[in-house]
Engineer: 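Handing you this structure, nothing more for now.
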Amino acid sequence: MSSGSMVSNPLFDVNEFPDNYEAGRAEACGTLCRIFCSKKTGEEILPIYLSRFYMVLIQGLQTSDSVCLPVLASIILNSSALFCSDLKGINLVAPYFISALETILPDRELSRFKAYVNPIELRRSSISIVLSMLPLPHHFGNIKSEVLLEGNDDGLLQDKAFTFQSLKVRLIKVLIGALQAETDPHNTHMVLGAMLNIVQDSALLESIGPQNEMASVDSSYTSMRSHSRNSSGMSTASGGSSEATTPEAERMAQALHRDYDMAAGLLTQCIHLVTQKLSSQWRPDMSVSLAALELLSGLAKVKAGVDTANMNQAVGAVCAYIVHQCSRPAPHHSRDLHSMIVAAFQCLCVWLTEHSTMLGEKYCLMEVLEIVELGISGSKSKTGDQEVKHKGDKELNPASMRVKEAAEATLSCIMQVLGAFPTPSGPASPCSLLNEDTLIRCSRLSATGRSNFRYFVLDSSVILAMLEQPLGNEQNPCPSLTVLIRGTSGRHAWTMQLHHQPRAARASQKVFVPESRPSPKNDVGTHYNVKHMFFPEEAYNIPFVKADVSIPDLDDIVSPELGVQHERLQSMMEQQVEYESSLEQQRQDLWNSKTFPDPQVDCKPPSPAQEFQTARLFLSHLGFLSLEALKEPANRCLPPHLVALDSALPGFFEDIEYLDLLPCRPFDTVFIFYVRAGQRSYQEILKNVDSSANVQPHFLEFLLSLGWPVDVNKHPGWTGNMETSWSINGCGDGEAQQQAEDAVALEDSGGGVFNGEKRVLYYADALTEIAFVVPTFSDSSPDSSENSEPPVETDSQMDPAPVAPTQLNLTLDLIPSHSDNLMGPPQRSPSVKSKKLPSGKSVPPLGPETKVLVVWVESFDDIESFPLSDLLAETSTGLETALNNSASCRSLGAEKDVPVLFIQPLRTGLFRIRLQGVAGKLSTVIPLVDGMVVSRRVLGFLVRQTVINVCWRKRLECDSYSPPHVRRKHKIAEIVGRYRNKQLEPEFYTALFQEVGGRSPSL
């Protein structure tokens, strides 16, 4: 547009403004921008003022040869909040701002502007404008616009029509150009946050389709179009012509469309650019490195089709980053450097949990395990062509204990989380929901006490609670053992059976049944009746000689007297023969009458055992009952590999319960408030969520995009309060009735149902869990507050920070689709839940004190008067008793350090973000940045991701913070030292053969 087209406007007559008036023109244009940026929420500005202001912007943003650099710089410098001020028709000048930004952000030096403004401030304002315009292409889609300006000679001068969707590629190119040219850390982190915003928005838009998005455009925009067409000389038209393009230009445009317009291509480009920067110029800068790692973690959660090569590139870049930082010289090692390494390990865990299939590739698995080895031991087993140095021969020299603990957490994540999340109990609990009491109730044992368990400790790191449970199945008896395994990663339950046959054989045939004997067959063969002779038959055919007859026969010499004796002898012999024959016949009859086989003499296998000492068998099969495993090691400070615990000692089960209270994941709490226009008191703010009539519909949609509703009385995870968290109670029987009550209560719910008394909003993935609480006003609050701790001592703790169930739709679905999950405002009962803390035990120290507040404000002007100190008193999590005196007696000025995230809905259907209380190293947390404008699709995701990063940064800065697995490891070591059964080897072996509880402790 030429300067002659503005002759009708005396303000911009070029003849009246020589070149030496550029400074005055720049100041005047900057003042106009500041005036319109300071527009209050709900304030109406006459269309004539808006139209003339827009003409000033169009003229001042010209990038032709006759550009006025001071004016251009002044407009950009003072318009950072222009697109989030709800000015009617402001989006029509977006192309002119983009044209100006295309000349500023990709220019690294900005030598042309150095004489007028600070280049860093100019780039920062330019990036802020990009952040506020970024959702426009997706939000307004293919709506076409054209600007009509009045002129003297030619009537209406018309600029080329454009669609908002056509601005997307230009905005992304500006964003990428800014990232490549930016050197200021704060500006860089703003660009990084914008990149995750546009990538996630593109992915969600593709997943739900553009039709749903077009239906969500606010109707106020339509009325604004007609109003501005009639009053201001600017209009939006449904049609328009575009300039002809060459085939080469078409091909280039299609290439850009593939790379930048599609979510997968845009995600790939972001991964390439960020990993390249992270591997070079961003390495020394802590704030930029942390922001880049947070961006990579956020990109890992974007659901877009990215090939394995790009995912491996991201993991490889993080691994290379860890190697570089660990290999830096000793003088460069500091807490900040180690924090960067710990953050890199956390980013690595996010990528592995979100894309667990990557470890199926040998190269990726080896690379990740080498990095874990480097973090734990301080060196790799093999570097380059050097000879492999076995881990047993290496001296442990990690960069620091924090780095070692982060590497151990990564190894635990690889071995125990990948492929096993969500668990059968759901995403709320990565551990088993069984303990000794529930197992005893489910077993067949007559005893109901915990004394039925045998307790052992393996390598001072794993506590085994063994329940020897005989099944009593005579048909298929087998040793059975139920083991509760308590380790650094949580509590897990295993049921094991010892079998000696494959599963198919056990199903098809009986076990321990011998083969039957064959039946005897007496009719086999030929039976002969043979009369046995005393001599061979040939002996009787030999002729007698005289010597044979020299001895007379008995008949020849028998006298009458001898005849009588002979007859008696003959009779006795006949009787004896007859008797023996009868005995033989009786024996034969008895043998024939017997069954086969004879049970008295038959050889049978022994009956299968019915009772087993399964704990002894299990430990023996694993090799833990050898003398070497029971002997004291050379280092007397360490116990043997296998140690028995004496559960009869007082306080044992209380310490076991205390160990179960220690979470195995970082957990965070977010408190959400709704502020209507003009409200100042905390009572009014808390009462807003009691009814849906007091809140905007988008607020309820936003709540349900943060997480899913859970019942605190049945929820096994974090609920925002220690009194109701980590419960393993089973679900009740009245679920159907409860759902019906929830549906009725939804009709008048303003979000107060999630105040933590009966329900909260909950989100969990493999690495973190978050409870979103919407505090409500109680009539007893003023009275009870008099007897409670001061507000500054009841701050919530966003303790150890940050794993996705079947993730809810993050597109802010309509409320009716979630009506089953809401319930009416409950009345809290003093006996709602009794905490399962062991008697005499205090709440364990679970991490640094961190609080995140999310505030929905109808009016942006109410942010300055937000009653933060009063509302902090409504955000107790029950962890305040774990704070030491120094933390409890902190100054009131600490309230300013509480991160508060304000969300203001704009009339266009977009949302303006304001961050408060984020100072120091936390100021570089992404993805949400102060002044950013986001769409309703990504609002829940970006808020949740920002909360995770804020809490993670807080833990990263805390000197006294210990990761969950470290706290559990220390508690297990304490239990071993306190309840170890110090027995000699003979006593230990003897105890294994005794019944549980049948012996007195031998110390």
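Each residue takes its place number in the sequence, starting with 1. All of these numbers come straight from a predicted model, not from anything done at the bench.
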Engineer: Do any side-chain atoms of residues 410-417 form donor-acceptor pairs under 3.5 angstrom with protein atoms, and if so which ones, sequence neighbours left out?
Structural biologist:
residue, atom, partner, partner atom, Å
Thr410, OG1, Ala406, O, 2.9
Gln416, OE1, Ser489, OG, 2.4
Gln416, NE2, Ser489, OG, 3.1

Engineer: With a 3.5 Å cut-off and no angle check, do the side chains of Glu769 and Tyr762 form a donor-acceptor pair?
Structural biologist: yes
Engineer: Under a 3.5 Å distance rule, please check whether His333 uses its side chain to pair with a backbone N or O of Arg328 as donor and acceptor.
Structural biologist: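 Yes; at least one donor-acceptor contact below 3.5 Å.
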Engineer: Taking all non-hydrogen atoms of both residues, which atom of Val318 and which atom of Leu296 are closest, and how far apart?
Structural biologist: CG2-CD1, 4.0 Å
Engineer: Okay, side chain of Asp285, backbone of Ser287: is any donor-acceptor separation there less than 3.5 Å?
Structural biologist: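 Judged by distance alone, yes, a pair lies under 3.5 Å.
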Engineer: Strictly distance-based, threshold 3.5 Å: is any side-chain N or O of Thr353 a donor or acceptor partner for the main-chain N or O of Val350?
Structural biologist: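 Yes: the side chain of Thr353 pairs with the backbone of Val350.
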Engineer: Can Glu408 and Lys404 be counted as an ion pair, charged N to O under 4.0 angstrom?
Structural biologist: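 Yes.
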Engineer: Any sub-3.5 Å donor-acceptor pair from Glu367's side-chain atoms to Cys319's backbone N or O?
Structural biologist: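 Side chain of Glu367 to backbone of Cys319, a donor-acceptor pair under 3.5 Å: no, none is there.
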Engineer: Measure from the side-chain N and O atoms of Thr423 to the backbone N and O of Ser429, and report whether any donor-acceptor pair falls under 3.5 Å.
Structural biologist: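 Present.
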Engineer: For the pair Arg968 (side chain) and Leu659 (backbone), establish whether a donor and an acceptor sit closer than 3.5 Å, ignoring hydrogens and angles.
Structural biologist: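 Confirmed, Arg968 side chain pairs with Leu659 backbone.
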Engineer: How long is the span from the CZ atom in Phe456 to the CG atom in Leu464, to the nearest 0.5 Å?
Structural biologist: 8.5 Å
Engineer: Would you say the side chains of Thr438 and Asn435 form a donor-acceptor pair under 3.5 Å?
Structural biologist: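 Judged by distance alone, the side chains do pair up.
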Engineer: Can you spot which of Lys954, Arg402, Arg335 makes a salt bridge (charged side-chain N to carboxylate O under 4.0 Å, His left out) with Asp959?
Structural biologist: Arg335
Engineer: Indicate yes or no: at least one non-hydrogen side-chain atom of Trp351 is less than 4.5 angstrom from one of Lys301.
Structural biologist: no
Engineer: Can the ring centroids of Phe624 and His641 be said to lie less than 6.0 angstrom from one another?
Structural biologist: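 Aromatic pair excluded; centres sit 6.0 Å or further apart.
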Engineer: Ring centres of Phe667 and Trp726 under 6.0 Å apart?
Structural biologist: yes
Engineer: Locate the shortest heavy-atom distance separating Leu290 from Ser339; write the atom from each residue and the value.
Structural biologist: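 So the minimum-distance heavy-atom pair works out to CD2-O, 4.3 Å.
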Engineer: So which of Gln346, Gln945, Arg953 actually passes side chain to side chain donor-acceptor pair (under 3.5 Å) with Glu294?
Structural biologist: Arg953
Engineer: Please give me the minimum heavy-atom distance between Ala344 and Ile322, naming the atom from each residue.
Structural biologist: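 For Ala344 versus Ile322, the nearest heavy atoms are CB-CG1, 3.5 Å.
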Engineer: For Asn310 and Thr308, test the side chains for any donor-to-acceptor distance below 3.5 angstrom and give the result as yes or no.
Structural biologist: no
Engineer: Report yes or no: does Ser280 contribute a side-chain atom to a donor-acceptor pair with the main-chain N or O of Gln276 at less than 3.5 Å?
Structural biologist: yes
Engineer: So, are Lys303 and Glu354 salt-bridged, with charged N and O less than 4.0 Å apart?
Structural biologist: yes
Engineer: So, Glu974 and Lys971, do they make that salt bridge, N to O below 4.0 Å?
Structural biologist: yes
Engineer: Can you see which heavy atom on His965 is nearest to which on Ala409, and at what distance?
Structural biologist: CE1-CB, 3.7 Å
Engineer: Tyr321 ring centre to Arg283 NZ or CZ under 6.0 Å, with the angle to the axis within 45°?
Structural biologist: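 Verdict for Tyr321: no cation-pi partner in Arg283.
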Engineer: Which residues satisfy the side-chain contact (heavy atoms from CB on, under 4.5 Å) test with Thr183, sequence neighbours excluded?
Structural biologist: Arg108
